Q: 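Below are the structure tokens for one structure; questions will follow.
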Amino acid sequence: MPDIHKLSVKRVKGIGDRRSSALEQVGIHTVADLLGFLPSRYLDRSTETPIAQLPLKQEATVVGEVVASRMVPGRRPRFVATIRDESAELDCVWFGGYKYMNDAFKVGDWVSVGGKVTDYRGQRQISHPEVELLSGSEEDEDDRVHTGQIVPLHRTTANMKSSSLTARTLRRLIWDALEALDIDDSMRPDLREGLPSLGAAYRAVHFPESLDDVEAGRRRLAYDELLTVAVWGLSQRPRGSAMAVTSQDSATRLVESLPFDLTGGQQRALSEIQHDMTSEGTLHRLLQGDVGSGKTLVALMAALAVVDSGAQVAIMVPTEVLAEQHANNIQLMVEPLGIRAGLLTGRLRAADRRAAEALVASGQTQIVIGTHALLQEGTVFKQLGLVVVDEQHRFGVTQRLTLREKGEDAHLLVMTATPIPRSLALTLYGHLEVSTIDEMPLGRQPIKTGLRKGKDRDNAFSFIREQVTAGRQAYIVYPRVEGSRGVRSAKAAYEELTEGPLSGLRVGLIYGSLKGQEKSTVMEGFRSGEIDVLVSTTVVEVGVDVANATVMMIEHAERFGLSQLHQLRGRVGRGEAESYCILIADPDEELTEDAEARLNAMCETTDGFRISELDLEIRGAGQLFGTRQAGLPEFRYADLIRDQDLIEQARQVGDRIAETDPDLLGYPWLQERIEALTASGLTIAESG
Ligand code: ADP
Ligand code: MG
């Protein structure tokens, strides 16, 4: 049997050049694509409400026969089609003279219409309903295709319709394709216990007998996706054995020099890391911990052990601001130990950069902190022993791999403050062991978070003044650098605030496109306390660590994502002083339901894990949390909330495959899917 993934849609009866090019525009090239084009909804014809009983002002779907259609001229010309079922009549109205509707269906057709039902002078009607032709009066179609108990409705684009690819035609084409093909399932039954074969799954989703069928079919398709990702993840496991570290001397001395003790969470993570690095094998670990939990220190201690053993460490961070901060802090801590740390970013002048690279190449720089610049060919290490990727979710997967390849079997530690739900960790990071820092340093207090409407903005500024008078500092963050209609921006606010509500205070302005040198100067000014209030864009989103800052004010908070808000909030509350996060939502703008939910979540909890769960809930099923950031394509069928069991199953089966056949020699189809996956999404990069 031909592989439906390779079979062109043109091989399906009824699809010629015209239709296939319309299909191509929506990404349907192969028969597998066509079969994977699932109905957007289903009409359950067993539970239809008769027209006479339709509740008003609610979304409803009605099935009936078209009994009349006409253009009604007048001040607001409109096209009206009347449909009837056994109980009553309903008018479907299109304003603006939609003449073409005349051709879309004819009297005698059976249609389903969906929309909000209103009452117009005693007559029930729906304006601009969604219409699907169910069966035409003139054609003699196979009834099973269009009018089962459950009728699938495929969403079609205007373009498809003009190539005569209506929902109805599609349904017919898919039916024919399923009839004609004996779909070969390359996945052996023992790899998909409890799930239907591929052919059965496609049948179930397109022509279900019940909605349970749809779900069973979807689960099989979801499982295919999950298994592909799981096996891909597992294939990323290191095979060789990296250099074992032999000394913890410098790390021990560093801890002794600190004014505080490591938290229990830090200690546990550290001993897991040390265990990996001292035993045979390779450290290949994800370190997760909420913002402010002290991941940098743990990474640094791992770095010192590697340096003690004679190798180099590369620490890659997503932004230049963060690279400079890390470099500053790390230099302060390691220089007393006689260890040299250096900075390497894209912003260095050519000559400085060459000098920095030379120090890395000769091994004199033992710990190098940098941005994507580290990935470039010019950056060569004498002996790279450990790669640390901070804020890992901001990098594409390939970037992480590129850096690791600069060393021979280097250890790898990736860190994230965006806690990853267990299901996602299993799927995307199947190749990584996970350590979690589950407690905050002693003395930290939860950050008081409040939501204010725009009119209370002035109070927020008075509050910032009070805090500054008390010796504290504040951030004010804007969604944009430069204004556009109705949205406050960092630059404009800087002008407004320095002359108005914050006059007399030392206010700084920072944003991503600010020149390198200026950015460093402003950041340094804020760090050293010469700047009281930092007006900023999200350049301060990740990692920035100024313990004296106690207020994070976010303007247009409704425009930020939940994990972004949480990250921003994490810039304060880093010392022992009480800290505050003030979310300003624009009063002129009605908040969407989602925005409201995000802001409420922020006020409700400061727990990063809870935040990430809520984030997943708000974004809803079907949306893969953070995969785009993680450099993976979105799942089409899998749902990380509903499909936890499938994720576990895929992981187990994946483990079995990886153990018995790591090169996938017996699984060419999996190899192909992984290639497609890699080609489609794994290389998405984000620049700092
Ligand atoms: P994150 O996990 O968000 O990267 P950082 O590593 O930036 O957190 O740490 C946040 C702050 O907490 C830093 O100023 C750091 O020096 C401090 N810190 C780290 N560990 C401890 C500890 N055990 N006790 C007190 N403060 C700590
Ligand atoms: Mg950090």
Side-chain angles (χ1 to χ4, degrees), residues 251-252 254-271 273 285-304 315-334 367 369-371 388-395 413-420 434-447 473 475 523 526-529 538-550 552 563-577 579 581 606-609 611-612 688:
T252 312
L254 175 69
V255 183
E256 282 164 1
S257 75
L258 293 173
F260 49 73
D261 294 327
L262 294 183
T263 63
Q266 283 171 315
Q267 265 160 8
R268 275 190 296 280
L270 192 60
S271 62
I273 290 168
R285 198 171 272 278
L286 170 70
L287 174 60
Q288 56 176 355
D290 209 349
V291 277
S293 61
K295 295 183 292 294
T296 317
L297 189 56
V298 173
L300 185 57
M301 293 183 64
L304 291 177
I315 302 179
M316 184 164 72
V317 303
T319 69
E320 311 226 330
V321 166
L322 192 52
E324 287 182 13
Q325 170 189 289
H326 272 346
N328 282 339
N329 291 347
I330 290 175
Q331 273 161 351
L332 285 178
M333 285 191 270
V334 305
I367 301 178
I369 299 109
T371 53
V388 177
V389 181
D390 195 10
E391 308 295 347
Q392 106 95 19
H393 59 285
R394 305 270 299 233
F395 290 99
L413 180 65
V414 303
M415 309 200 283
T416 183
T418 304
I420 299 166
V434 180
S435 291
T436 304
I437 303 182
D438 51 5
E439 64 189 292
M440 293 299 242
L442 228 62
R444 294 279 171 82
Q445 305 172 35
I447 300 155
Q473 290 164 283
Y475 299 91
M523 220 39 236
F526 191 64
R527 215 169 279 140
S528 65
T538 53
V539 283
V540 299
E541 177 185 329
V542 294
V544 168
D545 186 30
V546 178
N548 191 48
T550 53
M552 168 57 68
S563 62
Q564 210 175 12
L565 289 170
H566 180 65
Q567 280 278 354
L568 285 168
R569 174 167 60 184
R571 299 312 106 216
V572 299
R574 311 198 128 229
E576 295 193 359
S579 291
C581 175
T606 53
D607 175 346
F609 279 88
I611 293 268
S612 82

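No experiment lies behind these values; they were computed from the predicted model shown. Whatever order the structure lists ligands and atoms in, that order sets their numbers, starting from 1.
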Q: Identify, for atom 10 (C) of ligand 1, the protein heavy atom at the shortest distance, and state residue, atom and that distance.
A: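 The closest heavy atom on the protein side is Arg574 NH1, 3.2 Å.
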Q: Hey, is the main chain of Leu287 close enough, under 3.5 Å, to the side chain of Lys295 for a donor-acceptor pair?
A: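 The answer is no, because no donor-acceptor pair under 3.5 Å joins these two groups.
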Q: For Glu576, does the CD atom have more than 12 heavy-atom neighbours from other residues, nucleotides or ligands under 6.0 Å away?
A: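 Not more than 12 within 6.0 Å, no.
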Q: Name the closest protein heavy atom to atom 5 (P) of ligand 1, giving the residue it belongs to and the distance to 0.1 Å.
A: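 Of the protein heavy atoms, Thr296 OG1, 3.7 Å lies nearest.
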Q: Less than 4.5 Å apart, any side-chain heavy atom of Leu300 and any of Ile330?
A: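 Answer yes - side chains close enough.
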Q: Please list the nearest protein heavy atom to atom 18 (N) of ligand 1 with its residue and the distance rounded to 0.1 Å.
A: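 Sorting protein heavy atoms by distance from atom 18 (N) of ligand 1 puts Phe260 CZ, 3.7 Å first.
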Q: Please list, in number order, the atoms of ligand 1 under 4.0 Å from a heavy atom of Ser293.
A: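 The list of qualifying atoms is 2 (O), 8 (O).
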Q: Using a 4.0 Å cutoff against the non-hydrogen atoms of Thr263, which atoms of ligand 1 qualify?
A: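 Within the 4.0 Å cut-off of Thr263, ligand 1 contributes 23 (N).
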Q: So is Asp390 in contact with ligand 1, going by heavy-atom distances below 4.0 Å?
A: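 In this structure, Asp390 fails to qualify as a contact of ligand 1 - no heavy atom is under 4.0 Å.
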Q: Tell me the protein heavy atom at minimum distance from atom 2 (O) of ligand 1, and give that distance in Å.
A: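 The closest heavy atom on the protein side is Lys295 NZ, 2.7 Å.
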Q: Taking the non-hydrogen atoms of Gly289, is any one of them nearer than 4.0 angstrom to ligand 1?
A: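 Gly289: no contact with ligand 1 (<4.0 Å).
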Q: If you have a sec, work out which protein heavy atom is nearest atom 9 (O) of ligand 1 and how many Å separate them, to one decimal?
A: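 For atom 9 (O) of ligand 1, the nearest protein heavy atom comes out as Gly294 CA, 3.5 Å.
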Q: Hey, is Met415 touching ligand 1 through its side chain, its backbone, both or neither, going by heavy atoms under 4.0 Å?
A: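 For Met415, there is no contact with ligand 1 at all, from either part.
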Q: Might you work through the salt bridge (Lys or Arg N to Asp or Glu O under 4.0 Å) test for Arg268 and Asp438, ending with a clear yes or no?
A: CA-CA 10 Å; Arg268 275 190 296 280; Asp438 51 5; 3.1 Å; yes
Q: Between Asp290 and Gly608 (side chain of the first, backbone of the second, donor and acceptor by atom type, cut-off under 3.5 Å), is there such a pair?
A: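 Looks like yes, one N/O pair under 3.5 Å.
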Q: Got Val546 and Arg574 here, is their nearest side-chain heavy-atom distance under 4.5 Å?
A: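 The answer is no, as the side chains (C-beta and beyond) never meet within the 4.5 Å cut-off.
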Q: Between the main-chain N or O of Ser579 and the side-chain N or O of Thr550, is there a donor-acceptor pair closer than 3.5 Å?
A: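 The answer is no, because no donor-acceptor pair under 3.5 Å joins these two groups.
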Q: For ligand 1, which atoms sit closer than 4.0 Å to a heavy atom of Leu262?
A: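 So the atoms of ligand 1 that pass are 23 (N).
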Q: Does the Gln288 side chain pair with the main chain of Thr436, one donor and one acceptor, at a distance under 3.5 Å?
A: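 Checking the backbone N and O of Thr436 against the side chain of Gln288, no donor-acceptor pair under 3.5 Å is found.
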Q: Evaluate the salt bridge (Lys or Arg N to Asp or Glu O under 4.0 Å) criterion for residues Arg444 and Glu439: first the C-alpha distance (whole Å), next the side-chain angles of each, then the deciding distance (0.1 Å), finally the verdict.
A: CA-CA 10 Å; Arg444 294 279 171 82; Glu439 64 189 292; over 6 Å; no
Q: Report the nearest protein non-hydrogen atom to atom 12 (O) of ligand 1: residue, atom name, distance rounded to 0.1 Å.
A: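 Ranking protein heavy atoms by distance from atom 12 (O) of ligand 1, first comes Arg444 NH2, 2.8 Å.
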Q: When you compare ligand 1 with Leu442, is there at least one nitrogen or oxygen pair between them that comes in under 3.5 angstrom?
A: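 No - when backbone and side-chain N and O of Leu442 are compared with those of ligand 1, no distance drops under 3.5 Å.
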Q: I need the atoms of ligand 1 closer than 4.0 Å to a non-hydrogen atom of Val291, numbered in the order shown.
A: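 Reading through ligand 1 atom by atom, the close ones are 3 (O).
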Q: To the nearest 0.1 Å, how far is atom 14 (O) of ligand 1 from its closest protein heavy atom, and which atom is that?
A: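 Minimum-distance protein heavy atom for atom 14 (O) of ligand 1 reads Asp545 OD2, 2.6 Å.
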Q: Would you check, one step at a time, whether the test side-chain contact (heavy atoms from CB on, under 4.5 Å) holds for Val544 with Met523?
A: CA-CA 9 Å; Val544 168; Met523 220 39 236; 3.5 Å; yes
Q: Tell me: protein heavy atom nearest atom 3 (O) of ligand 1, and distance?
A: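 The protein heavy atom lying closest is Gly292 N, 2.6 Å.
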Q: Between Gln266 (side chain) and Thr263 (backbone), is there a donor-acceptor pair under 3.5 Å?
A: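 Yes; judged by distance alone, with no hydrogens or angles, the pair exists.
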Q: How does Asp261 reach ligand 1, if at all, at less than 4.0 Å between non-hydrogen atoms: by side chain, backbone, both, or neither?
A: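 Backbone only.
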